[in-house]
Number of protein chains: 2
Amino acid sequence: MRWDELEEEPCSMARTIGVIGDRWTLLILRECFLRTRRFEGFQSALGITRHLLAERLKKLVRQGVLRRIPYQESPKRHEYILTQKGLDLYPIMMAIVHWGDTHMVDERGRPLLHQHRKCGKNFDPVMVCSECGEPLSAKEVHTHPGPGARTTAAINAPEKPKAKARRSAA
Amino acid sequence: MRWDELEEEPCSMARTIGVIGDRWTLLILRECFLRTRRFEGFQSALGITRHLLAERLKKLVRQGVLRRIPYQESPKRHEYILTQKGLDLYPIMMAIVHWGDTHMVDERGRPLLHQHRKCGKNFDPVMVCSECGEPLSAKEVHTHPGPGARTTAAINAPEKPKAKARRSAA
DNA sequence: CCATACAGTTCTAAAAACGAACTGTCAAAT
DNA sequence: ATTTGACAGTTCGTTTTTAGAACTGTATGG
């Protein structure tokens, strides 16, 4: 399973991973949400090699996550701006940050607080059901194949005809 | 910035990426949420090389995301089960799936539907503010350094003293 | 005794990432 | 007029990871 194959799997998770599922891409996107827009900005903030940065930016543009917009003629220069598709990654970023805040902080506490402009308070992101508004947890969710299903499906039984405990499980 | 360095950055996002920020780890975790627990199960579902799988599982156990539990003596065999820390990754997984459902589906529609046991309906995950319950978007959130802050901080201004447009930003 | 299940480990080749230098345009400073 | 520096990449040789396939070892069922 190579990168290009990932994007063709009938699994929304695999496809998304094909777009943003590597360390540098995720960090580049962090910078995007921090309003970094230019090549040098990304490079110096992250310490990524210029070669990789160029490649990752190209890919994100190709995928429609970033838009490459000229901000200057003469030596042609461009900025990389999040598209709506890119902005929609925000919940993923917040979920990642929140998990880190919960499980990866040292004794000094979380590196960053988030304040909600609307209510003015520092908050944590909570994932809820779009229908009833209740918080979600893995066990309360049941999945079943949708119209685009095939075999592997996302967060749903894929092809694993193996787990048939020959010996009783423990 | 290597993997081990990532986990020491004062940025909850970088630290989390240090744990789950690679393609195979994410896919392994998908399988975990699908109730895959054994080596062969992961291997055959994903097509990952056995070598990498062994390594990734070891790392996830070391990080406390999975627990390695014997399910059989004689030839000692173990299962890999999500810990609470691992289960807490659920919002990240759902956010990833949801983005894929929104932006990466083909004409056939989404591969998978999610049903909320409590209300019985198919739903989408929505991220809301823990304080006021309103849905969140990037623009409504303001960040500021927390007690564990240093320079790079997560989703907050890191060290990028560069972006000082010499020429007016067209 | 042989085939199979399972959970790895070992080895070599191929792919990706790193690191440092180089290209090229232009503006401001000397 | 020349040099310096900002900026946005590209090129290239080296190191690290990953892929792919085979091998190890215990145990079971036939």
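Proteins come first, then strands; the chains are lettered A, B, ... in the order of their sequence lines, and each starts at number 1. On a predicted model such as this, the values are computed, not experimentally measured, just so you know.
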key: Side chain of A:Tyr80 (C-beta onward), nearest among D:dG9, D:dA8, D:dA19   =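 The answer is D:dG9.
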task = When you get a sec, tell me which of D:dT18, D:dG9, D:dC7 is the closest nucleotide to the side chain of B:Leu52?
result =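 Of the options given, the side chain of B:Leu52 lies nearest D:dT18.
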ask   = Under a 4.0 Å heavy-atom cut-off, which of residues 54-64 of chain A touch DNA chain C?
value =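 The stretch gives A:Arg56 as the residues lying under 4.0 Å from the strand, ordered by number.
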State whether a side-chain donor-acceptor pair under 3.5 Å links [X] with [Y].
X       : Y        : result
B:Asp88 : A:His103 : yes
B:Arg77 : B:Tyr71  : no
B:Tyr80 : B:Arg38  : no

ask   = Is a salt bridge present between B:Asp106 and A:Arg15, judged by a nitrogen-to-oxygen distance below 4.0 Å?
value =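 So B:Asp106 pairs with A:Arg15 through a salt bridge.
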key: Salt bridge B:Lys118-A:Glu140, side-chain N to carboxylate O under 4.0 Å   =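 Salt bridge present between B:Lys118 and A:Glu140.
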query = What is the distance from atom OG of A:Ser130 to atom CE of B:Met127, rounded to the nearest 0.5 Å?
reply =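 Separation between the atoms: 13.5 Å.
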request  = Supply the atom-to-atom distance A:Leu27 CG to B:Met13 CE, rounded to the nearest 0.5 angstrom.
outcome  =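 One finds 6.5 Å between CG of A:Leu27 and CE of B:Met13.
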inquiry  = Using a distance-only criterion (donor-acceptor N/O pair, under 3.5 Å, no hydrogens), is the base of C:dA7 paired with the side chain of B:Arg38?
reply    =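 Looking at the base of C:dA7, it does not pair with any donor or acceptor on the side chain of B:Arg38 (distance under 3.5 Å).
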inquiry  = Between the base of D:dA21 and the side chain of B:Arg50, is there a donor and acceptor pair under 3.5 angstrom?
reply    =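 No such pair is found, so the answer is no.
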Expressed in angstrom and rounded to an integer, what is the separation of [X] atom [atom1] from [N] atom [atom2]?
X       : N      : atom1 : atom2 : value
A:Glu79 : D:dG9  : CD    : C1'   : 16 Å
B:His51 : D:dT24 : NE2   : C1'   : 16 Å
A:His78 : C:dT25 : NE2   : P     : 16 Å
A:Phe39 : C:dT23 : CZ    : P     : 17 Å
A:Gln43 : C:dA20 : CD    : C1'   : 12 Å
A:Tyr71 : D:dA6  : OH    : P     : 13 Å
A:Lys76 : D:dA8  : NZ    : P     : 14 Å
B:Ile69 : C:dA7  : CD1   : P     : 14 Å

message = Only Watson-Crick and G-U wobble pairs, only distances under 3.5 Å, only runs of 3 or more: what stems does that leave for DNA chain C?
response =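 Stem list for DNA chain C: C:1-30 with D:1-30.
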query = Out of A:Leu82, A:Ile28, A:Thr83, which one pairs with A:Leu60 under the side-chain contact (heavy atoms from CB on, under 4.5 Å) rule?
reply =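 Running side-chain contact (heavy atoms from CB on, under 4.5 Å) over A:Leu82, A:Ile28, A:Thr83 with A:Leu60 returns exactly one hit, A:Ile28.
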Would you tell me if any nitrogen or oxygen in the side chain of [X] comes within less than 4.0 Å of OP1 or OP2 on [N]?
X       : N      : answer
A:Arg23 : C:dC18 : yes
A:Arg77 : C:dG24 : no
B:Trp24 : D:dA19 : yes
A:Arg68 : D:dG9  : yes

ask   = Checking B:Trp99 side chain against A:Lys85 main chain: does a donor-acceptor pair fall under 3.5 Å?
value =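 Between the backbone of A:Lys85 and the side chain of B:Trp99 there is a qualifying donor-acceptor contact (under 3.5 Å).
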key: Set of ring pair (Phe, Tyr, Trp, His ring centres under 6.0 Å) partners for B:His78, sequence neighbours left out   =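 In terms of ring pair (Phe, Tyr, Trp, His ring centres under 6.0 Å), with neighbours along the sequence ignored, B:His78 is linked to no residue.
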request  = Quick one: label A:Phe42 by what it contacts on the DNA or RNA (base, sugar-phosphate, nothing), any heavy atom closer than 4.0 Å.
outcome  =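 Since no nucleic acid heavy atom lies under 4.0 Å of A:Phe42, the category is nothing.
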key: 5'-most by nearest nucleotide on DNA chain C - A:Glu73 or A:Asp22   =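 It is A:Asp22 whose nearest nucleotide is closer to the 5' end.
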